[in-house]
Amino acid sequence: MPGNDAIGADDTFAARLLAWFDRCGRHDLPWQHPRTPYRVWLSEIMLQQTQVRVVVPYFERFVAALQDVGALARAPLDEVLALWSGLGYYARARNLHAAARRCVEQHGGQLPRDLDALVALPGIGRSTAGAILAQAWGDRFPIMDGNVKRVLARWHGIGGWPGTPAIEKRLWTIAAAQLPDRRMADYTQAQMDFGATLCTRYDPACIVCPVHDGCVALREGRVAELPTPKPGKPLPERSALVLLARRGDGRVLLQRRPPTGVWASLWSLPEAPGHELARDWFARHLVGDYDAGEPLVPIAHGFTHYRLQLQPLQWREVAPHARVADNDDLRWVARAELATLGIPAPIRKLLDTMLPEGSP
DNA sequence: AAGACGGGGAA
DNA sequence: TTCCCAGTCTT
């Protein structure tokens, strides 16, 4: 008579999740075919705080342009930022680029198969390192993203915001204890698919859940209230003027943003906190009448940590100041060049509106 | 421990 | 509108 484990002990959380994954999981994501370390890495970085639907087209475009670690390392940062333009969290792109260059210098042009070496690379934390090793190599490391936190908080009935260090530590311990002995790549993907499609934040499908048996939140009627949401606080507001200076030939003046802060190193419109400073900047860089600037429809843009209101002012025909030439931080850009630059999403939208396709 | 860092989609 | 999401880095 075989013992319990001979039957497969297929009652564990991991075994049930894997069986569900075989039937209902996502097996056609672009980074799964082929599932190379580089493609897994890129997908994991893009997927940080960003949903699959949004990532897929960016991923396809990125790997088509830069096919491996070496190509990424050789590419100029501006090209990487252009490929990232619209995804947000641009530090991810800068870190990705820097990490690729370090891989060339220190790891023979490949991603290291080592947790600590991966975590030492910029942009890779413990969760992403685990996800890379598990998916690319099948190594036994847990991950800890929003999906896993939600699933574990419910299944074990753990209250309190999962971002709390003490709770997060407890979740890591639980996640490590629940790892299967094999099929780590599938298990890692299964957790994310499960959290994203079934054990969702709102209206989870407990009725068809493969692990509803044993779920503490379900048994205690606490599914809707777990995980405990992050304590909220009011967002500060900030406003600024942005200058849309156009030349007779249709080119527009763009300025590279500072290397730190929001939209770091991206190309954007010149920005000033108010008219006084905007007028000064205008006088130093342009020939024309500041007061002739036309106010355009304001742009409202929400960030995680504050709300930004941008008031665009447009000049249809100004000339560059004689002393001001194009340089690394200031450029007159033709419409056709916009696609090749890293530009914040709301600014790109404004430019697309004001400089319609086919215009000079 | 808390704040910084983007953008899109869902409720 | 508000909240959330395949986190990580800096202070």
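Predicted, not measured: the structure shown is a model, and the values here were computed from it. Residue numbers start from 1 in every chain, and the chains themselves are labelled A, B, ... in the order their sequence lines are given, proteins ahead of strands.
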Would you say A:Ser127 places a side-chain N or O within less than 4.0 Å of OP1 or OP2 belonging to C:dA6?
no
Here the distance between atom C1' of C:dA6 and atom CG of A:Asp193, to the nearest Å, is 10 Å
Just the rounded figure in Å: distance from C1' of C:dC4 to CG of A:Leu47.
15 Å
Near DNA chain C, which residues from residues 129-150 of chain A have a heavy atom under 4.0 Å away?
A:Asp145, A:Gly146, A:Asn147, A:Arg150
Starting at atom CH2 of A:Trp31, determine the distance to atom P of C:dA6, rounded to an integer number of angstrom.
12 Å
Has A:Arg238 got more than 12 heavy atoms of other residues, nucleotides or ligands less than 6.0 Å from its CZ?
yes
Donor + acceptor pair across side chains of A:Thr197, A:Arg26 (<3.5 Å)
no
Which pairs of donor and acceptor atoms, one on a side chain in residues 125-135 of chain A, lie under 3.5 Å apart (sequence neighbours left out)?
| from | atom 1 | to | atom 2 | distance (Å) |
| --- | --- | --- | --- | --- |
| A:Ser127 | OG | A:Met144 | N | 2.9 |
| A:Thr128 | OG1 | A:Gln48 | NE2 | 3.1 |
| A:Gln135 | NE2 | A:Glu44 | OE2 | 2.7 |

Apply ring pair (Phe, Tyr, Trp, His ring centres under 6.0 Å) to A:Phe194 and list each qualifying residue two or more places apart in sequence or on a separate chain.
A:Trp20
I'd like to know if the side chain of A:His156 pairs up with that of A:Gln178 as donor and acceptor (distance under 3.5 Å, no hydrogens or angles considered).
yes
When rounded to whole Å, the CG to P distance for the pair A:Leu118 and C:dG7 reads 17 Å
Filtered N/O pairs between nucleotides 9-11 of chain C and protein, under 3.5 Å:
| from | atom 1 | to | atom 2 | distance (Å) |
| --- | --- | --- | --- | --- |
| C:dC9 | OP1 | A:Gly123 | N | 2.6 |

Listed pairs under 3.5 Å, donor-acceptor, residues 57-69 of chain A side chains, sequence neighbours left out:
| from | atom 1 | to | atom 2 | distance (Å) |
| --- | --- | --- | --- | --- |
| A:Tyr58 | OH | A:Ser85 | O | 3.4 |
| A:Arg61 | NH2 | A:Leu83 | O | 2.8 |
| A:Asp68 | OD1 | A:Gly70 | N | 3.2 |
| A:Asp68 | OD1 | A:Ala71 | N | 2.8 |

Co-members of the apolar cluster containing A:Leu235 [side chain, <4.5 Å]
none
So if I define the base as every atom that isn't primed, P, OP1 or OP2, how would nucleotides 2-11 of chain B read as a B/S/- string at a heavy-atom cutoff under 4.0 Å?
-SSBBB--SS
A:Val211 and A:Cys199, any side-chain heavy atoms less than 4.5 Å apart:
no
Minimal non-hydrogen separation, A:Ile143 against A:Ala175, with atom names
O-CB, 4.3 Å
Rounded C1' spacing from C:dT8 to B:dG9 in Å:
23 Å
Taking the P atom of each, how far is C:dA6 from B:dC5, in whole Å?
23 Å
Which residues within residues 22-30 of chain A lie with some heavy atom under 4.0 Å of an atom in DNA chain C?
A:Arg26, A:Leu29
So what does A:Val52 touch, heavy atoms closer than 4.0 Å: a base, only the sugar-phosphate, or nothing?
base
Candidate nucleotides C:dA6, C:dT2, C:dC4, ranked by approach to the side chain of A:Arg307 - the nearest
C:dT2
Does anything in residues 219-267 of chain A pair up under ring-ring contact (aromatic ring centres under 6.0 Å, His included), and if so which pairs, sequence neighbours excluded?
A:Trp263-A:His301, A:Trp263-A:Phe303
Please test A:Leu266 against A:Ile343 for side chain to side chain contact (heavy atoms under 4.5 Å, CB included), starting from the C-alpha separation and ending with a verdict.
CA-CA 6 Å; A:Leu266 268 63; A:Ile343 299 172; 5.9 Å; no
What ring-ring contact (aromatic ring centres under 6.0 Å, His included) pairs are there with at least one residue in residues 160-192 of chain A, not counting sequence neighbours?
none
Rounded interatomic separation in angstrom, taking CZ from A:Arg126 and P from C:dA6:
18 Å
Tell me every residue that passes side-chain hydrogen bond (donor to acceptor under 3.5 Å, both in side chains) with A:Asn147, counting only those two or more places apart in sequence or in another chain.
A:Arg150
Considering residues at least two apart in sequence or located in another chain, which fulfil the ring pair (Phe, Tyr, Trp, His ring centres under 6.0 Å) criterion with A:His27?
A:Phe21
